[in-house]
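This report concerns only the one structure given below.
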Amino acid sequence: MALTNAERQARWRARRAAAEPVRTYRHPADRRARPQRWADAVATLQALQDEYRDWRDALPEALADSRTAELLEAVCDLDLSELEIELPRGFGRD
């Protein structure tokens, strides 16, 4: 059952009155350069494509003509080598 606005506000005030510590989570900043983030993303995509290729190869014969097999084939047919390009470093560092 969803809480009403009044109930939600009462809970919030009760927590504040009990002086429970407020937990905030911050994710660390990504300090990698854009070209490095790009290269990591391409490597991740290639690893995923390999996993999908293994899945496609392990499909039973009964599922060879299924929609799943078609989608796996589409993922495997993508040419990810086109994404492996040298990106500009910028600010005269090219």
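Every value quoted in this text rests on a predicted model; they were computed, and no experiment measured them. Keep in mind that the numbers below use all heavy atoms, side chains included, and drop hydrogens, waters and symmetry copies.
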Cluster link [X] to [Y], ILVMFWY, side chain under 4.5 Å:
{"X": "W12", "Y": "L3", "result": "no"}
{"X": "L45", "Y": "W38", "result": "yes"}
{"X": "L87", "Y": "V42", "result": "yes"}

Test applied, side-chain contact (heavy atoms from CB on, under 4.5 Å); reference residue, R11; option that passes from R8, R15, Q9, E7: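 Exactly one pass, corresponding to R15.
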
Are more than 12 heavy atoms, taken from residues, nucleotides or ligands other than D65, located less than 6.0 Å from that residue's CG atom?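 Not more than 12 within 6.0 Å, no.
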
CG of D30 to CD of Q36: how many Å apart, nearest 0.5 Å? 9.5 Å

Electrostatic pair D40-R37, nearest N-O below 4.0 angstrom: no

Between side-chain atoms of residues 68-77 and protein atoms elsewhere (two or more places apart, or another chain), which donor-acceptor pairs fall under 3.5 Å?
from	atom 1	to	atom 2	distance (Å)
E73	OE1	R56	NH1	3.1
E73	OE2	R56	NH1	3.4

All heavy atoms of L78 vs all of Q49, minimum pair found to be O-NE2, 2.9 Å

